[in-house]
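This report concerns only the one structure given below.
Keep in mind it's a predicted model, so treat the numbers as computed, not measured.
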Amino acid sequence: MRLRSRFLIDLGVLAENYRKLKLICPNNEVLFMVKADGYGHGATVITRFSVAELGIKEFGVATLGEAIALREEIKDLEFEIYVFSDIQLTLESAKEIYLNRRIIPVISNEGDLDYFLADPDFKHFPLVLKFNTGMNRLGLDFDKAELMAKKIKMANRHSIFHLLTHYSSASLSMKKNKRNLEQKDRFQLVKKVFRREGLELERTSIANSGAIEQGEGLEETHVRPGLMLYGPTSLIGPCRNLSRWTGQIISELETYIIRTFPVAQGMPIGYGATPVPVSGLVAIIALGYGDGLSTRYQGVHLFHNGQKGTIMGRVNMDMAQVFFAGEVGGRVKEGDRFVIWGHDSESFLLLADQSQTIPYEIFLHITSRVPKVYI
Ligand SMILES: *Cc1c(COP(=O)(O)O)cnc(C)c1O
């Protein structure tokens with residue numbers, strides 16, 4: 001465990017992001033995605049805070065195991081949990097878990113739907129269906145909507161607890177991208193078919209962060225934000241002007257400078273012996289890929305006391321070298337607190353763009369060696 005490196009998570013900023021979200025979609029209920037340990041921020045703390053302080057009532061995870069852990073760790077609060085992909089529905093032990101702990105599987109294939117409908121124990125349990133409208137990953141085929149609706153009626157069920165679909169390209173324009181327009185149409189069609197068959201749709205949702213940021217999918221009862229509540233936009237660079245999102249990064253990743261030393265032009269630095277381009281100062285910081293500082297961050301620019309640095313040479317397991325060109329005039333010193341990212345979204349997105357990765361992955365990289373500290 002690191003002592004002077006911390007993944008600081010400010011729940012006040014999460015609250016502020018939620019308030020901003022509600023300005024975009026005041027009439028929608030929120031199903032908050034906390035899969036992959038709350039996008040790396042600690043699902044238990046994030047969920048507890050979101051129920052108790054923000055009044056969010058529904059949460060999504062990817063696996064049954066994640067859902068069980070949330071139920072185990074938060075026994076004193078009431079909230080719904082949906083399991084989205086790794087539902088293990090037909091596993092013998094899974095049924096009791098779903099029923100007894102009120103964990104709701106999102107059914108996205110016909111085999112699971114048949115199994116669910118055939119079992120009288122699930123007769124009064126919420127039926128949640130995910131349709132494939134073009135993502136082509138999981139999901140019931142949209143063009144089998146009528147068949148599915150008939151099956152459900154045959155099993156004597158009259159309502160769907162939550163009908164949903166997922167966009168493949170919400171990080172692009174919702175108004176111009178053909179796939180997005182097509183998926184939107186297909187989902188409306190599925191809804192129409194279900195209603196025509198006389199099935200009630202209690203809840204519906206289509207929008208993840210990218211769509212919500214563009215004000216799309218708000219005609220449904222629910223929205224399903226993940227990334228945006230943790231701070232970043234999920235739109236890709238060229239489309240960011242389409243986003244209404246003004247959220248702040250809820251976390252800061254900080255470390256400190258172990259050592260500094262002056263370097264002359266051409267001096268080789270660290271693994272791979274990368275020569276520095278001009279003379280300047282190297283600062284060794286106490287984070288490496290063993291902490292989640294990806295080797296992809298080589299070449300990325302980071303600012304320290306207004307001084308522009310560059311991650312130089314390969315990121316090591318336990319450390320990284322940050323190079324400052326020219327005279328730094330005492331602004332980069334041993335023992336200084338060094339911030340990889342702060343609450344400012346711009347600089348966080350710069351890190352993602354420069355390293356050609358995505359905000360989701362940057363958060364998920366952080367390992368257990370960096371203590372999470374909640375404010
Ligand atoms: C992860 C996920 C979301 C949230 O996506 P973001 O891009 O993080 O907002 C919404 N819906 C489903 C089905 C998901 O798997």
Under 3.5 Å, side chain of Glu16 to main-chain N/O of Gly12, donor-acceptor pair present?
no

Is there a donor-acceptor pair closer than 3.5 Å between any side-chain N or O of Gln214 and the backbone N or O of Leu172?
yes

Just by distance, do the side chain of Asn17 and the backbone of Leu229 share a donor-acceptor pair under 3.5 Å?
yes

Ile249 CD1 to Leu14 CG distance, which is reported to the nearest 0.5 Å
12.0 Å

Do Leu201 and Phe142 sit in one hydrophobic cluster, given that two such residues count as connected whenever their side-chain heavy atoms are within less than 4.5 Å of each other, even indirectly?
yes

Atom pair CZ (Phe122) and CZ (Arg157), whose distance is rounded to the nearest 0.5 Å
9.5 Å

Six-ring centre of Phe79, Arg71 cation under 6.0 angstrom, axis tolerance 45°:
yes

Are side-chain heavy atoms of Leu302 and Val300 found at a separation under 4.5 Å?
yes

Any idea which heavy atoms bring Phe323 and Pro277 closest together, and the distance?
CE2-CD, 3.8 Å

Can you pull out every salt bridge (Lys or Arg N to Asp or Glu O under 4.0 Å) where at least one residue sits in residues 239-251? Sequence neighbours excluded, please.
Arg240-Asp353

Evaluate the side-chain proximity of Leu351 to Tyr297: yes if any heavy-atom separation is below 4.5 Å, no if none is.
yes

Which pairs pass side chain to side chain donor-acceptor pair (under 3.5 Å) with one or both residues in residues 299-319, sequence neighbours excluded?
His301-Thr310, His304-Asp336, Gln307-Arg331, Asn316-Gln321, Asp318-Arg369

Using salt bridge (charged side-chain N to carboxylate O under 4.0 Å, His left out), reason through Glu58 and Arg203 one step at a time and then give a plain yes or no.
CA-CA 12 Å; Glu58 299 173 57; Arg203 292 166 180 74; 3.8 Å; yes

Evaluate the side-chain proximity of Phe261 to Ile284: yes if any heavy-atom separation is below 4.5 Å, no if none is.
yes

Pairs touching residues 164-181 that satisfy salt bridge (Lys or Arg N to Asp or Glu O under 4.0 Å), sequence neighbours left out
Lys175-Glu216

Intermediate values then yes/no, side-chain contact (heavy atoms from CB on, under 4.5 Å), Leu164 and Ile206
CA-CA 6 Å; Leu164 59 100; Ile206 187 168; over 6 Å; no

Could you tell me whether the side chain of Ser5 reaches within less than 4.5 Å of the side chain of Glu254, counting heavy atoms only?
no

What's the shortest heavy-atom distance between Ala149 and Glu197, and which atoms?
CB-CG, 3.7 Å

Pairs satisfying salt bridge (Lys or Arg N to Asp or Glu O under 4.0 Å), at least one member in residues 128-143, at least two apart:
none

Nearest heavy-atom pair of Ser209 and Gly226: which atoms, and what distance?
OG-N, 3.3 Å

Side-chain heavy atoms under 4.5 angstrom apart, residues restricted to Ile, Leu, Val, Met, Phe, Trp, Tyr: same cluster for Val34 and Tyr374?
yes

Evaluate the side-chain proximity of Thr233 to Leu349: yes if any heavy-atom separation is below 4.5 Å, no if none is.
yes

Give me the atom names and distance for the closest heavy-atom approach of Ile87 to Val83.
CG2-O, 3.3 Å

If we ignore hydrogens and angles and just use 3.5 Å, is the side chain of Arg4 paired with the main-chain N or O of Gly335 as donor and acceptor?
yes

Steps toward side-chain contact (heavy atoms from CB on, under 4.5 Å) verdict (Thr204, Ile160):
CA-CA 9 Å; Thr204 59; Ile160 312 298; over 6 Å; no

Quick check on salt bridge (Lys or Arg N to Asp or Glu O under 4.0 Å): which of Glu80, Glu96, Glu72 does Arg101 satisfy it with?
Glu72

Could you measure the distance from the CD1 atom of Ile103 to the CD1 atom of Ile68? Nearest 0.5 Å is fine.
5.5 Å

For the residue pair Phe131 and Phe194, does the interplanar ring angle fall in the parallel (under 30°), tilted (30 to 60°) or perpendicular (over 60°) class?
perpendicular

State whether the side chain of Gln88 and the backbone N or O of Leu64 hold a donor-acceptor pair below 3.5 Å, judged by distance alone.
no

Aromatic ring pairing Tyr230/His41, orientation class (parallel under 30°, perpendicular over 60°, tilted between):
parallel

Are Leu199 and Val128 grouped together when hydrophobic residues (ILVMFWY) are joined by side-chain heavy atoms under 4.5 angstrom apart?
yes

Salt bridge (Lys or Arg N to Asp or Glu O under 4.0 Å) contacts touching residues 38-57 (sequence neighbours left out):
Arg48-Asp76

Contact between Tyr98 and Ile104 at the side-chain level, heavy atoms closer than 4.5 Å - yes or no?
no

Please report the interatomic distance CG(Asp37) to OG1(Thr44), rounded to the nearest 0.5 Å.
7.0 Å

Consider only side-chain heavy atoms of I, L, V, M, F, W and Y, link residues closer than 4.5 Å, and tell whether Met135 and Leu129 are in one cluster.
no

Using modelled atom types only, decide if a donor and an acceptor are shared between the side chain of Asn180 and the backbone of Ser169 within a distance under 3.5 Å.
yes

Criterion side chain to side chain donor-acceptor pair (under 3.5 Å) against Thr133, the qualifying member of Gln183, Gln188, Lys184:
Gln183

With under 30° as parallel and over 60° as perpendicular, where do the rings of Tyr39 and Tyr360 fit, or are they tilted in between?
tilted

Between Lys372 and Leu8, is there a donor-acceptor pair closer than 3.5 Å when you use the side chain of the first and the backbone of the second?
no

Do side-chain atoms of Glu252 reach the backbone of Ile9 as a donor and acceptor pair under 3.5 angstrom?
no

Sub-3.5 Å donor-acceptor pair from the side chain of Asp86 to the main-chain atoms of Ala62, do we have one?
no

In terms of hydrophobic clusters joined by side-chain contacts under 4.5 Å, are Phe338 and Met319 together?
no

Who clusters with Leu91? Use side-chain heavy atoms, under 4.5 angstrom, across I, L, V, M, F, W and Y, and order the result by chain and number.
none

For a side chain to side chain donor-acceptor pair (under 3.5 Å) check, start with the C-alpha distance between Trp245 and Ser234, then their side-chain angles and the critical distance, and finish with the verdict.
CA-CA 9 Å; Trp245 187 233; Ser234 76; over 6 Å; no

Check for me whether Arg337 meets the cation-pi criterion with Tyr256, that is, NZ or CZ under 6.0 Å from the six-membered ring centre and within 45 degrees of the ring axis.
no

A side-chain contact here means heavy atoms from C-beta on lying under 4.5 Å apart; do Leu287 and Ile340 qualify?
yes

CD1-OG1 distance between Ile269 and Thr274, expressed to the nearest 0.5 angstrom
8.5 Å

Pro126 and its side-chain contact (heavy atoms from CB on, under 4.5 Å) partner, picked from His162, Arg102, Glu202
Arg102

Expected output: side-chain Arg6 to main-chain Val370 donor-acceptor under 3.5 Å
no

Once rounded to the nearest 0.5 Å, what's the spacing between atom CZ of Phe363 and atom CZ of Phe348?
3.5 Å

Would you call Pro225 and Asn208 a side-chain contact if the rule is heavy atoms closer than 4.5 Å?
no

Residue pair Leu31 / Gly60: nearest heavy atoms and the distance that separates them:
CD2-N, 3.4 Å

